[in-house]
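Single-structure report; data block below.
Quantities reported herein were computed from a predicted structural model and do not represent experimental measurements. Every chain is numbered from 1 and lettered A, B, ... according to where its sequence line falls, protein lines coming before strand lines.
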Amino acid sequence: MARKAAGRPPEETLSLWKREQALLKTLVVDRDTEAWQRDPAFSGLQRVGGVDVSFVKGDSVSACASLVVLSYPELEVMYEDCRMVSLTAPYVSGFLAFREVPFLVDAVQQLREKEPRLMPQVLFVDGNGVLHHRGFGVACHLGVLTDLPCIGVAKKLLQVDGLENNALHKEKIRLLQGGGDSFPLMGGSGTVLGMALKSHDHSTKPLYVSVGHKMSLEAAVRLTHGCCKFRIPEPVRQADIRSRDYIRRTLGVQGAPALRPERSKKAQRPKACPQGASEEPAGSPSLRAFSAKDGNEPHQKKWPKLQQRIWGRGKEALWEVEAKDAIFSFLQDLVTKCNSIHQGGAGHPPQ
DNA sequence: GCGACAG
DNA sequence: ATCTTGTCGC
């Protein structure tokens, strides 16, 4: 059952959130902490992770949170975890982490318990790191809570600290030559908050890379480029594809009211596969995958009409919603510790 | 009223 | 975040 969008939280909540961001921000490490990060070829790096949250259309509560782990440098999927979740917090610019991060921490913790050998050595996060209103975006937040190196990768420039997507900025973008080229994003204070990166030769729009945790900006940019088969780094792209696919499968399998009889064979939707069996069309030559419009992303497979009809009216949630009722003890300890350090903090237990 | 607005 | 539709180049 679809739930309505939550409204904007009261100022009191935003104050608590700001406070929590300030506390956790003191724990961010913005330099390389691992040996592989300093190696020119990243030797020693074997697993890169990506996380994403995809939403059900017309339902601001139901979503699919996904964590994938890819081999490096092959970038083949070794692990995939998708699960439906019920989001509690609304989206507020500057507070994205409070909406999404609990479920991502959850996914990392599951992996830690079930397949510790597959734990990624670095996590790509959809969103910003220190390039943020208060220097603590979702990539920092996830990094601190999981203690994993994290890289923030945003698709749009967050206009903060004097940074503007103005004519000068656009000109700098235009001057980027080939994949891997970048320019610094300097805030008003003179600090470099991130880099605009042309992620591959045919990409028009840059990526906005910033430090999340336990990694230097230089290494973050270099590794991001090394993980891009298309504009979006492969770990994030796979997490996105698979979480969206998971939602489609779930709706398609359970929520198929007979809307109309099939007319053509090619309108048939492929059989839903149980778990992560879907793969890219392996036979597609790399160059054919570029679209003229954006010059980067391959076209998504279009779903047949029947599926679109169901999708368009997908107001009903047809899965069992998982109750999220527990907080990880290490997270509790962390926040408590922060509160005691910054005395007087009646910081709220995150929920 | 206008502009901004990670996901 | 989400969806749509068509168009271009190889």
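- Between the side chains of A:Asp52 and A:Ser66, no donor N or O sits under 3.5 Å from an acceptor N or O.
- One can place CG of A:Asn166 at 16 Å from P of B:dG3, the figure rounded to the nearest angstrom.
- In this structure, the nucleotide among B:dA6, B:dA4, B:dG7 sitting nearest to the side chain of A:Asn128 is B:dA6.
- Of the candidate nucleotides B:dC5, B:dA6, B:dG7, B:dG7 has the atom lying nearest to any side-chain atom of A:Lys155.
- Remark: ring of A:Tyr91 stacked against base of B:dG7; centroid gap under 5.5 Å, plane tilt under 30°.
- Protein atom CZ of A:Arg99 is 11 Å distant from nucleotide atom P of C:dT2, rounded to whole Å.
- Aromatic rings from A:His225 and A:Phe42 are positioned such that their centres are separated by 6.0 Å or more.
- As rounded to the nearest Å, C:dT4 and B:dG3 have C1' atoms that lie 26 Å from one another.
- Each of B:dG7, C:dT2, B:dA6 was ranked by its minimum atom distance to the side chain of A:Glu100; first place goes to B:dG7.
- On the C1' atoms, B:dC5 is 16 Å away from C:dT2, given to the nearest whole Å.
- Of the side-chain N and O atoms in A:Arg244, one or more sit less than 4.0 angstrom from OP1 or OP2 of C:dT2.
- For A:Lys156, no side-chain nitrogen or oxygen approaches OP1 or OP2 of C:dA1 to under 4.0 Å.
- Within the nucleic acid shown, A:Gly94 comes within 4.0 Å of at least one base atom, counting heavy atoms only.
- Nucleotide B:dG7 holds its P atom 19 Å from the CZ atom of A:Phe103, rounded to whole Å.
- A salt bridge between A:Asp30 and A:Lys214 is absent, with no side-chain N of the basic residue lying under 4.0 Å from a carboxylate O of the acidic one.
- Contact annotation: A:Ser54 does not reach the phosphate of C:dA1 (side-chain N/O to OP1 or OP2, under 4.0 Å).
- Between the NZ atom of A:Lys205 and the P atom of B:dA6 there is a distance of 11 Å, given to the nearest Å.
- Here A:Phe95 and A:His133 keep their ring centres 6.0 angstrom or further from each other.
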